[in-house]
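Presented below is the structure to which this report refers.
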Amino acid sequence: MGWLRFDGYGTLADYIGIISTVVTIGLTIRYYNRDRRINMMFNQTISPIDSNHAHDNVEISVMNASATKVVVAFIGFKWRENWLTRLRLRLLTKKYTWNRIRKRDNLQNSFFINHENFAQNKMIVLDAWQLSPSVSLTLQELITGLASVASKDVVRRLCKNRPVTYQIGYERYDGKLYLHDLTIDPVEVGGNRENIMYSELKRILSIQ
């Protein structure tokens, strides 16, 4: 029994072969893209120096948790925007064109990068699973910097004793941002003592 033949268009075996080839190519592209996907793992550690927690040392680093090299630079901290602004930013970053990046940067809350340890930050190349050099500052410098760029939404949440969220930011060479959320609660986790970061933010912003 011969293969079913479509007049002038090849046999069923030909069609099966073509379909198999297309599926194989599709799966290859899918796994290639998955393998090249960039994942970043953030780390922030606060090391006690003395009883005055304002002097505690804060260190920031990031690990390239992917199989592909990546070129990034640390760009500082900022408050997380409200949901509407985040939606607009997401729409602006669908395609990484310079015009869209410029619009995104104009819309996005300002990063505070005026600390001397941030001023000389340059692009660094991270191989697969490589950890970046640490960026250091004191806890008081971090709190003061965050207070200097606090939005009305952040102040409103602080007035209501609600948690506030700031972000660590790294930027890829083509303008893509990698952000990591860190939440400051009114009280320390697992205790009833007021969070020093929270209380100091309220003090600097003159919030009762």
Side-chain angles (χ1 to χ4, degrees), residues 39-63 72-93 101 103-119 121 132 134-172 175-208:
N39 295 308
M40 308 297 283
M41 295 177 62
F42 289 80
N43 181 53
Q44 174 181 284
T45 57
I46 300 178
S47 304
I49 301 298
D50 52 36
S51 58
N52 183 355
H53 290 287
H55 297 153
D56 289 355
N57 189 53
V58 180
E59 291 193 346
I60 309 298
S61 59
V62 69
M63 176 181 285
V72 294
F74 176 72
I75 53 176
F77 305 85
K78 73 178 183 66
W79 294 105
R80 189 177 65 176
E81 300 86 354
N82 59 40
W83 69 271
L84 182 58
T85 304
R86 292 200 301 272
L87 177 60
R88 294 175 65 188
L89 288 170
R90 187 172 300 175
L91 293 175
L92 281 174
T93 52
I101 291 172
K103 288 182 178 179
R104 178 201 68 189
D105 290 344
N106 289 336
L107 174 63
Q108 192 164 234
N109 288 347
S110 296
F111 284 85
F112 85 88
I113 55 174
N114 55 352
H115 189 276
E116 59 182 4
N117 287 4
F118 304 163
N121 280 337
S132 72
S134 295
V135 178
S136 300
L137 70 164
T138 67
L139 183 60
Q140 187 61 51
E141 288 170 331
L142 172 59
I143 296 170
T144 302
L146 289 172
S148 70
V149 293
S151 64
K152 291 181 180 179
D153 182 61
V154 169
V155 172
R156 190 181 304 114
R157 294 183 69 86
L158 288 169
C159 289
K160 295 180 179 180
N161 287 321
R162 299 175 64 184
V164 289
T165 301
Y166 69 98
Q167 297 177 313
I168 305 171
Y170 277 78
E171 184 173 18
R172 202 167 68 184
K176 178 177 174 58
L177 292 181
Y178 296 98
L179 300 170
H180 179 66
D181 290 357
L182 288 167
T183 298
I184 308 174
D185 290 303
V187 296
E188 293 183 353
V189 177
N192 297 319
R193 189 171 59 179
E194 188 173 25
N195 189 320
I196 184 172
M197 288 187 68
Y198 201 92
S199 59
E200 186 65 10
L201 279 168
K202 292 178 69 172
R203 185 191 67 79
I204 295 173
L205 294 170
S206 301
I207 299 172
Q208 299 299 323

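Residues: numbered from 1 along the sequence shown.
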Start with the C-alpha gap between L142 and T144, add the side-chain angles, then the distance that decides, and say whether side chain to side chain contact (heavy atoms under 4.5 Å, CB included) holds.
CA-CA 6 Å; L142 172 59; T144 302; over 6 Å; no

Kindly compute the distance separating CG (L182) from OH (Y166), expressed to the nearest 0.5 Å.
4.5 Å

P163: what forms a side-chain contact (heavy atoms from CB on, under 4.5 Å) with it, not counting sequence neighbours?
R157, T183, D185, P186

So, do Q140 and I204 sit near enough that their side-chain heavy atoms are less than 4.5 Å apart?
yes

According to side-chain contact (heavy atoms from CB on, under 4.5 Å), who are the partners of K152, at least two apart in sequence or on a separate chain?
R156

Measure the shortest side-chain to side-chain distance between V72 and M40 over non-hydrogen atoms and say whether it is less than 4.5 angstrom.
yes

How many angstroms lie between CG in L137 and CG in N57, if you round to the nearest 0.5 Å?
7.5 Å

Report yes if the side chains of L146 and W79 come closer than 4.5 Å at any heavy-atom pair, otherwise no.
yes

Using a 3.5 Å distance criterion without hydrogens, assess whether the side chain of S132 forms a donor-acceptor pair with backbone atoms of V62.
yes

Atom pair SG/CD1 of C159 and I207 - distance to nearest 0.5 Å
4.0 Å

For residues Y170 and F74, establish whether the separation of their ring centroids is below 6.0 Å.
yes

Distance check, rounded to the nearest 0.5 Å: M63 atom CE versus N43 atom CG?
9.0 Å

If I compare all heavy atoms of L158 with all of L201, which pair ends up nearest, and what's the gap?
CD1-CB, 4.4 Å

Pair Y178-R172, side-chain donor/acceptor within less than 3.5 Å:
yes

Using a 3.5 Å distance criterion without hydrogens, assess whether the side chain of E141 forms a donor-acceptor pair with backbone atoms of T138.
yes

Under 6.0 Å from the six-membered ring centre of Y198 and within 45° of its axis: does the NZ or CZ of K202 meet both?
no

Go through it in stages, so that I can follow the logic: the residues are K78 and V149, the test is side chain to side chain contact (heavy atoms under 4.5 Å, CB included), and I'd like the CA-CA distance, side-chain angles, deciding distance and then a yes or no.
CA-CA 7 Å; K78 73 178 183 66; V149 293; 5.8 Å; no

Could you tell me whether the side chain of D56 reaches within less than 4.5 Å of the side chain of S47, counting heavy atoms only?
no

Would you say I168 and L179 make side-chain contact, with heavy atoms under 4.5 Å?
no

Value rounded to 0.5 Å, distance of CG in L177 from CD in Q167
9.5 Å

I60 side chain reached by F77 side chain, heavy atoms, under 4.5 Å
yes

Closest approach of L205 to A147 (non-hydrogen atoms, all atoms of both residues):
CD2-O, 3.7 Å

Looking at I143, N195, T165, which hits side-chain contact (heavy atoms from CB on, under 4.5 Å) with I184?
N195

